[in-house]
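What follows is a set of notes on a single structure, which appears directly below.
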Amino acid sequence: MASRRANGQYRVRGGAVLRGRVRVSGSANAALAAMCACLLSDETVVLDNVPDVSDIDSLAELLTALGARVERPAPDRVAVNGGGVNVLEAPVELITENRASFQVMGPLIARHGFASLPPPGGDVIGQRPIDAHLFGFEAMGAVIARAGEFWQARAPGGLTGARVFVDYPSVSGTQNIMMAAALARGETTIVNAATEPEVQALAQLLNAMGACVEGAGTQMVTVRGEERLHGATFRLPPDRIEAGTFAVAAAISGGDVEIEDAPVSVVDALVSKLRACGATVEASADAMRVAAGERLAPVSFQALPYPGLATDLHAPLAALLTQAEGVSVIHERVFDNRMLYVGELRKMGAEIVSMGASAIVSGPAPLHGAHLRALDVRAGAAVLLAALRAAGTTVIDDVFHLDRKYERLDGKLGALGVEIERA
Ligand code: UD1
């Protein structure tokens, strides 16, 4: 598979009114967890609707380094065979590239009795501890120790099902424990589990591989351990954050966009906030049309675990609210460092201030082009969205952050009428 992308720069000319149709790619976060789950079997698992994004490339590199065979027989299909996994200590540089890489730990301990991994990387959007993951493995009988920068988990006799209460409903923590539990002896119940759609997608894949997972999507997930899991073919759901990003793009540009393959049933919070802003949102089973209203009204929101408004849509929505007529208050309740976008939007003329976990946005503020950076993936999305509305040209550096989760963002925006170039 292709390796990491080159860094680059976007030059975006503001003022285009977005019109037309755009198709949402498969969920990047669901695909990352699904690829890790493939290590639970020695048979091939085929994943469809996998987005062509760089986080998938770097996870593929990690799985390959562990001994798995990873192929991309079609642009949106990834096939993983975990039969050859024989390296149980992950190379530091491959783990620290993204957050999802730590999710190989559950499958490795469950199937091989040992895993040694450094703490994961990912966006610098908060402290991002991994205590929930480790606590879950320990409750299932693993012995956890620190060896230099590595976390080591040992369970030579296999894991045993347990009742595990996690302090915070961590998405990747819930997924990691579910994967470990799928090959443990007996039943595991995760209490205070994350309910995100990506957890549900993982449960569906595990069940397709022969596992018995019940309750995914609720705060109590039960997993009955099996002796082995088999291969499967599984289609990933569409990316709800990408869909939300295009919905905001339509609204901030004064446009009218049909978003195809939209995960309509899991974006209630977003739709509710867009309507409160004055946008028209029409939804069918798998498509959403978003049309900007005459005026944008201010809206306050909190970023929360699902089904609350996704923290990954906090920064994109903040960009939209810079154009609303009045004051909006945003409260971030998931991560402790989500505000990196604030300084960049201010350089474009936005009237926005952050105080701790809150941001106050006053609008409408005329935005102008500037030379900016994508500081993390969603902060980068916020800057790009603001650039659609800014007078003149905006130059955005470090777009590798956007490449981590967004597939062909420039091509998709270009097809909707945006003048955007990648240098
Ligand atoms: C995943 C998503 C990310 C999204 C986030 C929340 C992936 C690859 N990334 O990240 O895009 O923004 O869910 O929807 O799927 N926490 C603990 N202990 C832990 C783990 C987490 O306290 O062991 C806390 C974190 O500090 C944070 C909160 O839980 O405040 C949410 O983190 P978590 O749900 O784990 O996010 P990720 O799975 O890292």
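Counting begins at 1 with the first residue of the sequence.
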Got a second to check how far Leu317's CG is from Leu274's CG, nearest 0.5 Å? 6.0 Å
I'd like to know whether Ile330 forms a side chain to side chain contact (heavy atoms under 4.5 Å, CB included) with Val361, so could you lay out the CA-CA distance, the side-chain angles of the two residues, the decisive distance to 0.1 Å, and finally the verdict. CA-CA 8 Å; Ile330 301 171; Val361 192; 3.9 Å; yes
I want to know whether His314 and Tyr341 have ring centres closer than 6.0 Å. yes
Gln219 CD: over 12 foreign heavy atoms closer than 6.0 Å: no
Distance, nearest 0.5 Å, that separates CD of Glu71 from OG1 of Thr64: 9.5 Å
Side chain to side chain contact (heavy atoms under 4.5 Å, CB included) partner of Phe135, the single match among Ile177, Ile144, Val164: Val164
Return the set of residues passing side chain to side chain donor-acceptor pair (under 3.5 Å) with Arg275 (not counting sequence neighbours), or none when no residue passes. none
Testing Asp239, Asp376, Asp55 one by one against Lys405 for a salt bridge (Lys or Arg N to Asp or Glu O under 4.0 Å), which residue passes? Asp55
Result for side chain to side chain contact (heavy atoms under 4.5 Å, CB included) between Phe165 and one of Thr189, Val191, Ile190 points to Val191
Check step by step if side chain to side chain contact (heavy atoms under 4.5 Å, CB included) holds for Phe246 and Leu416. CA-CA 10 Å; Phe246 283 114; Leu416 292 173; 4.1 Å; yes
Write out all pairs satisfying ring pair (Phe, Tyr, Trp, His ring centres under 6.0 Å) with one or both partners inside residues 65-118, taking only residues at least two apart or from two chains. Phe102-His133
Hey, does the side chain of Asp76 reach the backbone of Asp48 with a donor-acceptor pair shorter than 3.5 angstrom? no
Is atom CZ of Arg23 surrounded by more than 12 heavy atoms (other residues, nucleotides or ligands) closer than 6.0 Å? yes
Would you check if Val104 and Cys36 make a side-chain contact, meaning some heavy-atom pair closer than 4.5 Å? yes
Residue Glu214 excluded, over 12 heavy atoms near CD under 6.0 Å: no
Taking atom types as modelled, is there a side-chain donor on Gln9 or Asp397 under 3.5 Å from an acceptor on the other? yes
Using the rule given for side chain to side chain donor-acceptor pair (under 3.5 Å), can you reason through Thr311 versus Arg338, listing the C-alpha separation, both sets of side-chain angles and the distance that settles it, and then say yes or no? CA-CA 8 Å; Thr311 174; Arg338 259 295 184 208; 2.7 Å; yes
Set of side chain to side chain donor-acceptor pair (under 3.5 Å) partners for Glu407, sequence neighbours left out: Ser25
Work out which heavy atom in Ser101 is nearest to a heavy atom in Leu94; give both atom names and the distance. CB-O, 4.0 Å
CA sep, side-chain torsions, deciding dist, call: Arg289, Glu258, salt bridge (Lys or Arg N to Asp or Glu O under 4.0 Å): CA-CA 4 Å; Arg289 180 182 153 230; Glu258 178 91 10; 5.4 Å; no
Residue pair Val80 / Arg69, side-chain heavy-atom distance below 4.5 Å: no
What's the verdict on side chain to side chain contact (heavy atoms under 4.5 Å, CB included) for Asn29 and Asp312, showing C-alpha distance, side-chain angles and the deciding distance? CA-CA 11 Å; Asn29 285 344; Asp312 287 347; 4.0 Å; yes
